[in-house]
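Beneath this line is the structure, given in structure tokens, with notes to follow.
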Amino acid sequence: MSSRLLDLLFSFAPGETELSLAELARKTGLPHPTARRLVLELTKVGALEQRANGRFAVGLRLWQLGTLAPLTESLRTMAQPYMEDLYTALHQHVQLAVLEGHEAVILERLSAPSALGLVSQVGGRLPLHCSGVGKILLSHADPDLVREVFDGELERFNSETVVDPDALRRELAECRRTGCAMVRGELTEGADSIAARIMNGEGRVVAALSVVVRSGSVQAQAVLPSVITSGLAISRMLGWRPGIKVRQG
């Protein structure tokens, strides 16, 4: 029962924040009567809510529960002032992401109205092999996960996407050495990403911070020191100090 309830809840995603009963049944593979019964149970306790158009959305009580997640909420709170400073200085996209499975999940993003369009929003997912935050997280991930990513398909999003395994391994090694990544148009054409790692008191990389700018609008090398400094400042708030060795995995 519990797994089927979770399947229903995880059917919702960025771009699919409202779903009909039929869509929920189809996405979960549940028989329609079963899906209806479970959806009504979730609605009754406030985990889902039914809109005036009859479609369902994540309920307030479930959202409140999500805000209690210690890592994500503390990260967002600690990172917010530094993200605001980067946003004020650059008026582009500033985003915070963590690793989940084989993807990077965006916890927070500040975006100027005039900034270029991106492929994903807050709560959305980015590929690890060709996004700035993704390369930071992948380069510091457990070696088993890294092998799984390389054993799978490295999707090519455009002509700039690095899919050659040897070239990508060299990039990841450089990310581990420097703690930063610069990605030019690999995921979204015309978008450059400058990213830095965020570490906890054990030296583990728990998140990545990035600025995404329109290609040619600013010099990446000029932005990089500010992003690295912000990442280090957030890391200090999580307990990291100079001298603590950065760990992989």
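Fair warning: this is a prediction, and the values are worked out from it, not measured in the lab.
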Kindly indicate whether the side chain of [X], heavy atoms from C-beta on, has any atom under 4.5 Å from the side chain of [Y].
X: Ser20; Y: Phe56; result: no
X: Val149; Y: Leu154; result: yes
X: Ile194; Y: Ser210; result: no
X: Leu24; Y: Leu38; result: no

Between Arg169 and Asp166, does any NZ, NE, NH1 or NH2 come within less than 4.0 Å of an OD or OE carboxylate oxygen? yes

Using a strict 4.0 Å threshold on nitrogen-to-oxygen distance, state whether Lys27 and Glu23 make a salt bridge. no

Backbone N or O of [Y] within a donor-acceptor pair of the [X] side chain at under 3.5 Å?
X: Thr34; Y: Leu30; value: no
X: Ser131; Y: Gly134; value: yes
X: His129; Y: Glu155; value: yes
X: Arg156; Y: Val162; value: no

Same hydrophobic cluster for Val183 and Val105, using side-chain heavy-atom links shorter than 4.5 Å among ILVMFWY? no

Quick one: do Leu40 and Leu8 end up in the same hydrophobic cluster if we chain Ile, Leu, Val, Met, Phe, Trp and Tyr together by side-chain heavy atoms under 4.5 Å apart? no

Would you please test Val212 and Asp192 for side chain to side chain contact (heavy atoms under 4.5 Å, CB included) and show each step? CA-CA 6 Å; Val212 184; Asp192 294 345; over 6 Å; no

Do His140 and Arg197 pair up side chain to side chain, a donor and an acceptor below 3.5 Å, judged on atom types alone? yes

Around Arg55, counting heavy atoms of other residues, nucleotides and ligands shown, do more than 12 lie under 6.0 Å from its CZ? yes

Please determine whether side chain to side chain contact (heavy atoms under 4.5 Å, CB included) holds for the pair Met83 and Leu86, giving the CA-CA distance in whole Å, both sets of side-chain angles, and the decisive distance to 0.1 Å. CA-CA 5 Å; Met83 295 180 68; Leu86 288 171; 5.8 Å; no

Is there a side chain to side chain contact (heavy atoms under 4.5 Å, CB included) between Trp240 and Ile234? Walk through the geometry before answering. CA-CA 9 Å; Trp240 178 86; Ile234 300 167; over 6 Å; no

Residues forming a ring-ring contact (aromatic ring centres under 6.0 Å, His included) with Tyr87, sequence neighbours excluded: His91

Residue pair Glu18 / Ala57: nearest heavy atoms and the distance that separates them: CG-CB, 4.2 Å

Checking side chain to side chain contact (heavy atoms under 4.5 Å, CB included) for the pair Thr161/Leu187: CA distance, chi angles, key distance, verdict? CA-CA 7 Å; Thr161 308; Leu187 179 59; over 6 Å; no

Give every residue pair that meets the salt bridge (Lys or Arg N to Asp or Glu O under 4.0 Å) criterion with at least one member in residues 177-188, sequence neighbours excluded. Lys135-Glu186, Glu174-Arg177

